[in-house]
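Below: one structure, written as C-alpha cells.
In this text, all values refer to a predicted model and were calculated from it rather than measured experimentally. Chain identifiers are assigned alphabetically (A, B, ...) following the order of the sequence lines, protein sequences preceding nucleic acid strands; residue numbering begins at 1 within each chain. Scope of the values below: all heavy atoms of this structure, side chains included, with no hydrogens, waters or symmetry mates.
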Amino acid sequence: MFLQPYQPDIIEKKWQKIWEENNTFTAKDDFSKPKFYALIEFPYPSGAGLHVGHPRSNTALDIISRKRRMEGFNVLYPIGWDAFGLPTENYAIANHVPPAKVTKDNIDHFRRQLKRIGFSFDYSREINTTDPHYYRWTQWIFLKLFEHGLAYKAQMPINWCTSCKVGLANEEVVDGVCERCGSEVVRKVKNQWMLRITQYAQKLLDGLDTVDFIDRVKSQQRNWIGRSDGAEVTFQIKDSDTDLEVFTTRPDTLFGATYMVVSPEHPLIEKLSDRITNLTDLIDYRTQAGKKSDFERTELVTAKTGLPIKGIVAINPANGQEIPVWVSDYVLMSYGTGAIMAVPGHDARDWEFANTFKLPIVEVVAGGDVSIAAHADIEEGVLVNSGFLNGLTVIDAKEKMMQFIIEKGIGNRKVNYKLRDWVFSRQRYWGEPIPIIHCENCGTVPLKESDLPLILPEVEAYELTDSGESPLALMTDWVNVPCPVCGGAAKRETDTMPQWAGSSWYFMRYCDPHNDSAFASAEALDYWMPVDWYNGGMEHTTLHLLYSRFWHLFLHDIGQVKAPEPYQKRTSHGMILGENGEKMSKSRGNVINPDIMIDEIGADAFRMYEMFMGAFDQAIPWNNNGARGCKRFLDRLWRLQEILDVKAKGLSPGLEVAVNSTLKKVTEDYERMKFNTAIAAMMSLVNDFYAAGIVRPDEFKALLKILSPVAPHICEELWQIQGYGDPIYMQPWPGYDENKLQSDMVEIAVQINGKIKGKLMVASSLSKLEGEEILPVSDEVMALLDGKKIVKTIFVPGRLLNLVVK
RNA sequence: GCCGAUGUGGCGAAAUGGCAGACGCGGCAGAUUCAAAAUCUGUUGUCCGAGAGGACAUGUCGGUUCAAGUCCGACCAUCGGUACCA
C-alpha cells in the first residue's frame with residue numbers, strides 16, 4: 001500500500017482551520033461543568049517577535065489543557081497582550097510612530113506566530129492592556145486602592161540622567177551611567193504615587209501556606225517579604241531632647257553596641273545641624289552617596305566608607321556609655337529606621353566597619369574570637385560583658401533584654417519587613433493615565449467612576465519633557481480641567497501607571513473579558529477563579545507574582561472576589577539558552593527564530609522538542625539537531641501505518657505491559673511536568689512496535705491519544721486517516737490496566753557484599769520473605785558464593801538480592 | 001555579603017536509598033543507492049586486557065547504610081535573584 005509522506009505544513013494548517021471553525025477551544029460559560037483554568041504569563045508584544053522561550057511555557061500548559069478537556073473539564077486557556085511599557089515607547093520615539101500603532105503591529109505578528117504553533121488558546125477572550133475597555137478597569141482598581149488609603153504620594157528618589165534630563169528605569173542605568181547617552185546618573189527626589197503593599201506583607205506571607213506553589217517560588221517570596229522579629233530601641237543623644245531610634249533583631253547584644261550608624265539621608269543631621277561641626281563634609285558625603293544606587297551601595301562589600309558625626313554622642317541605654325554616631329551609605333533610609341546600633345563583635349558588616357575605622361569591638365557572646373571576625377552564631381555561646389545578661393544563652397538573653405527595654409520604656413517589640421511600598425508612578429507616556437485631578441482648593445481628587453476610562457490622549461511627541469514630566473504634561477487641553485468637586489481650575493495627574501498595573505489583574509478579566517459594567521461578573525469570577533495552574537518564569541516571582549497577589553487580596557478584602565488567593569498552583573519553567581549555552585539575545589547573535597524551525601520541522605516536532613529537550617524547570621541550551629530528532633520520531637510515528645495490522649484486536653500479548661505502563665507513565669509525568677520522560681517513554685513504545693514488527697489498532701489509538709497533547713496535528717490526522725471516528729479532542733483520556741503493568745518474570749541483580757556478581761530471573765510476585773528464604777539456597781546463587789558463609793540476606797522484590805558474606 | 005538553584009558520558013539528559021547512563025543528539029561501522037539525502041541494522045562512559053574478564057566512574061572530602069547520584073556534614077565551582085536589611 002502506498003503511504004503518503006508526513007507533510008506537517010499541510011496537516012497543521014488543516015487542523016488549525018478545523019479547530020478555529022469549530023471553536024474547539026472556546027471556553028463555555030456553562031457553570032454546571034467542572035472547570036479548569038490554565039494560565040500562562042501573557043506576553044509583552046515586542047518588536048523582535050516571539051522567541052523560543054515563549055512556547056516552552058505555552059506548550060506545557062497547552063498539554064495540560066488538552067489533557068483536561070479529554071478528562072471532561074470545561075477548560076479556560078486564554079491569551080492576551082501586556083502591551084504598555086518602555087520598549088514600545090522608546091521605539092515610538094526613535095521612529096516617530098504612535099505606540100498604539102507599534103503595539104497593534106507587534107500583536108498581529110505575535111498572534112500569527114502563536115497560531116502557527118497550534119496552541120489551544122481561546123482567542124475569543126483575547127485581551128490587551130492598552131485597550132481603553134481594559135484599562136478602564138485598571139483605573140477603577142486604582143481608584144478603589146486610593147479610596148481605601150492604599151495609594152498615596154511620597155517623595156521618592158528616582159534615577160535621573162543629568163544629560164537627557166529624564167528619569168530612568170533601573171534597567172536603563174548601566175554601571176551608574178545612562179544607557180543611552182553615557183552621562184552620569186544621580187538620584188533625584190520626586191513626588192511619586194505609591195501603593196501600600198507593605199500593609200499586606202503579613203497576608204502575602206500567610207497566603208503562601210494555603211497555595212500549591214513550587215518550593216523555590218515560596219521561599220523567594222518569603223525572603224523578599226523578609227519578616228524579621230526584633231525590637232525598636234531608643235538611644236538618647238547626649239545633652240539634647242533628640243533621640244535616635246533603631247531596629248535590631250539582636251537586643252541581647254545591646255551591651256556590645258559601641259557606636260551607631262545612620263544613613264546619609266537621616267533627618268538627625270538636619271535636626272542637630274547647629275551642633276554638628278563637620279556638617280559640610282556630611283553634606284558632601286550625602287551627595288556622593290546620592291550618586292550610587294542602593295545596589296551599588298550594597299555591592300561595595302570590601303571598601304566601607306563613612307564619617308563620624310562630630311559634635312554629638314549617643315548613650316547606650318544598657319550601660320549608659322557614651323558612643324559615637326557615624327554616617328555610612330551601607331545604612332539605608334528605606335529599611336527599618338534608617339539608623340542602626342552597631343555591634344561589631346557579633347555582626348559581620350559592623351565588624352568590617354569597626355575594623356576599617358578602628359572603632360572598639362567588644363565581645364558580649366562568648367564562643368568566638370572577635371579580634372579576628374564577628375561571632376554571629378546564635379546557637380552557640382553565652383552572654384559576657386553584659387551586666388544582668390551574663391551567663392544566659394542568646395535566646396534567653398534576647399527575651400530578658402526585651403523585658404528590660406519594655407519596662408524602661410525605651411523601646412518595644414517590633415516586626416520589620418524587607419518589603420517596601422510599590423512606586424507606582426512613571427513620568428512616561430505609554431501607560432494607563434492615573435485618574436486623579438489636583439485642585440488647589442480640594443487637593444487630590446479622584447475621578448468619578450462614571451468618568452472612566454480616562455483615555456490616554458494622542459500627543460504630538462512622546463519625548464519626555466525637560467522638567468522630567470510625562471509628555472502628557474504638555475497637553476494643556478487635557479491637563480487643565482475643572483475640579484470635579486468645586487468646579488474651580490484644576491489639573492490632571494500626568495504620571496502614568498507602570499507596566500505592572502495591567503498585569504496585576506488580567507487573569508480576572510479573562511473570566512469575562514467583554515463586560516462593560518464590571519471588571520468581570522461575579523458569576524464568572526465565582527466559577528473560573530482561582531486560576532488552577534499558573535506557569536511562568538522565575539524572573540516574575542518577586543514582582544509580578546507578588547503584585548498580582550496583592551491586588552487580588554485587596555479585591556477580596558473589599559468583597560469583589562471570593563477567594564483571597566488568585567493562584568491555586570504556580571510552577572516555573574527554565575530559561576531556554578542559545579546553542580552556545582548563553583542567554584539568547586540579539587547582541588549575542590544566538591537567537592533561534594521559531595518560524596524558521598517550524599518551516600523546517602513543523603509545529604508538532606517543534607512543540608515536542610520544546611518539551612523533550614530537558615527537565616522543564618531547568619535552563620537548557622537549544623540544539624537544532626535535537627529538534628530534528630523529534631521530527632524523525634514523528635516520521636517514525638507516521639510510518640507505523642506500514643506495520644499497522646488493521647484487523648487485529650486488543651493488545652499484543654508481548655506488548656501489554658509496555659502499552660499499559662506507558663499509558664500510566666505518560667499520564668503521571670504530564671501532571672508532574674516531566675514532559676521529557678513522558679516523551680522518552682512514548683519513543684520507547686514506538687521502538688517496541690518496530691521491534692515487534694506490528695502494531696495493532698488499539699495500541700495505535702492509545703498512543704495517538706496520549707501523544708496528542710504534545711503533537712496534536714499529526715495525531716488528529718493519523719486518527720482521521722485510520723477512520724477512528726470523532727477527533728481525538730473529543731475522546732476521553734485513556735485509562736490503563738493496573739494488573740498489566742509488570743511482566744510475570746523479572747530479572748534481578750545478585751550482589752555479594754554490594755558488588756554485582758550475577759543476574760537471576762525470578763517471579764515478579766516473589767515476596768521479600770519468600771525471596772530471602774528461597775533464593776540464597778538456589779543453585780545459581782550457591783554457585784556465586786564460592787563456599788563463603790552468608791551473614792545477612794536482603795531481597796528487594798523485583799530489584800535485587802544482596803548477600804553479605806564472610 | 002545575603003537568598004534561591006545546579007554540578008552525572010563528546011552533548012541534552014534518566015534514575016520511589018536498590019543493576020548509573022533510559023530516551024534523544026553526535027560519532028563510528030555496515031546495509032540500501034550510480035552517488036548523495038532519507039531510511040534501516042549494529043556499536044558507542046573511561047582505563048587495562050587479544051579475549052573471557054577486571055578496575056575505575058555521578059564537582060571535592062568525610063559520614064550514615066547490607067546498599068548512596070539520591071540521605072547527613074563540610075567545602076569547591078557555575079548560574080539566577082538581590083534592596084550590605086541591621
Side-chain angles (χ1 to χ4, degrees), chain A residues 5 170 215-224 226 228 230 246-250 253 257 261 293-302 304 328-332 334-343 346-350 352-353 376 416-420 537-539 541-543 574-575 577 579 581 583 608-609 612-615 617-630 632-633 635-636 639 674 676-684 686-687 690 747-759 791-805:
Chain A
N170 285 336
D215 287 342
R216 63 189 207 276
V217 168
K218 281 194 185 184
S219 45
Q220 268 202 27
Q221 287 216 345
R222 284 202 183 98
N223 292 338
W224 187 262
S228 61
V246 303
F247 173 74
T248 177
T249 54
R250 293 292 303 273
T253 61
V261 187
S293 66
D294 285 358
F295 184 70
E296 285 171 298
R297 286 194 187 186
T298 67
E299 259 205 331
L300 300 173
V301 176
T302 43
K304 293 251 184 292
S328 177
D329 60 9
Y330 81 89
V331 176
L332 303 176
S334 49
Y335 182 81
T337 61
I340 62 160
M341 64 176 212
V343 185
H346 307 278
D347 180 280
R349 285 175 313 269
D350 296 344
E352 286 292 333
F353 192 84
N416 234 340
Y417 299 92
K418 290 183 201 173
L419 188 68
R420 298 176 187 173
M538 280 308 284
E539 71 272 21
T541 303
T542 46
L543 297 178
M575 199 191 307
L577 310 170
E579 289 208 283
K583 201 168 166 173
M608 190 168 186
Y609 179 59
F612 180 63
M613 58 197 301
D617 56 359
Q618 299 297 312
I620 299 254
W622 186 270
N623 179 264
N624 279 335
N625 277 327
R628 291 182 187 115
C630 288
R632 201 138 51 208
F633 168 76
D635 282 326
R636 276 163 68 74
R639 287 198 312 272
K674 310 246 344 171
N676 53 337
T677 51
I679 291 168
M682 291 185 281
M683 287 174 167
S684 288
V686 169
N687 291 345
Y690 277 107
E747 189 185 58
I748 61 159
V750 181
Q751 297 181 338
I752 308 286
N753 287 342
K755 293 264 182 195
I756 293 176
K757 293 292 174 186
K759 300 288 169 77
V791 183
K792 189 170 181 179
T793 305
I794 300 110
F795 175 58
V796 183
R799 295 283 187 179
L800 58 68
L801 174 74
N802 187 16
L803 302 170
V804 185
V805 303

From C-beta outward on [X], which listed nucleotide comes closest to its side chain: [options]?
X      : options                : result
A:A749 : B:rA86, B:rG4, B:rC19  : B:rC19
A:R799 : B:rG18, B:rG24, B:rA13 : B:rG18
A:K759 : B:rG24, B:rC66, B:rC19 : B:rC19
A:N625 : B:rG26, B:rA22, B:rG12 : B:rG26
A:D347 : B:rA15, B:rG26, B:rA86 : B:rA86
A:W224 : B:rU82, B:rG24, B:rA13 : B:rU82
A:L332 : B:rG24, B:rA83, B:rA22 : B:rA83
A:L800 : B:rA86, B:rG18, B:rG80 : B:rG18

Kindly label the base of B:rG42 as syn or anti, based on whether its glycosidic torsion lies within 90° of 0.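 It is anti.
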Check whether any side-chain nitrogen or oxygen of [X] sits under 4.0 Å from OP1 or OP2 of [N], and answer yes or no.
X      : N      : result
A:R216 : B:rG81 : no
A:R632 : B:rC25 : yes
A:K792 : B:rU65 : no
A:R639 : B:rC40 : yes
A:K418 : B:rA83 : no
A:K755 : B:rC56 : yes
A:N676 : B:rA14 : yes
A:N623 : B:rC11 : no
A:S228 : B:rC85 : no

What's the gap between [N] and [M] when it is taken at their [atom1] atoms, as a whole Å value?
N      : M      : atom1 : answer
B:rA14 : B:rU8  : C1'   : 10 Å
B:rA13 : B:rA83 : C1'   : 37 Å
B:rU44 : B:rC61 : P     : 29 Å
B:rG59 : B:rA20 : P     : 16 Å

How are the rings of A:W622 and A:Y609 set to each other: parallel, tilted or perpendicular (split at 30° and 60°)?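 Perpendicular, since the angle between the ring planes exceeds 60°.
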Decide yes or no on side chain to side chain contact (heavy atoms under 4.5 Å, CB included) for A:M538 and A:T541, but give the supporting numbers first. CA-CA 5 Å; A:M538 280 308 284; A:T541 303; 3.8 Å; yes
Partner nucleotide of [N] by Watson-Crick or wobble geometry (both distances under 3.5 Å):
N      : answer
B:rG1  : B:rU82
B:rA29 : B:rU41
B:rC71 : B:rG63

With a non-hydrogen cut-off below 4.0 angstrom, is [X] in contact with a base, only sugar-phosphate, or nothing?
X      : value
A:K218 : nothing
A:A681 : nothing
A:D617 : nothing
A:E539 : nothing
A:G629 : sugar-phosphate
A:V796 : base
A:R222 : nothing
A:I756 : sugar-phosphate

Write down the atom of A:N223, the atom of A:K418, and the distance for their closest heavy-atom approach. O-NZ, 3.4 Å
Between [atom1] of [X] and [atom2] of [Y], what distance do you get to the nearest 0.5 Å?
X      : Y      : atom1 : atom2 : value
A:L577 : A:Q618 : CG    : CD    : 11.0 Å
A:D617 : A:R216 : CG    : CZ    : 5.0 Å
A:K757 : A:I752 : NZ    : CD1   : 8.0 Å

Hey, does A:R636 have a side-chain heavy atom less than 4.5 Å from the side chain of A:N687?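 Yes - at least one pair of side-chain heavy atoms lies under 4.5 Å apart.
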B:rC66 base / A:N802 side chain donor-acceptor hit below 3.5 Å: yes
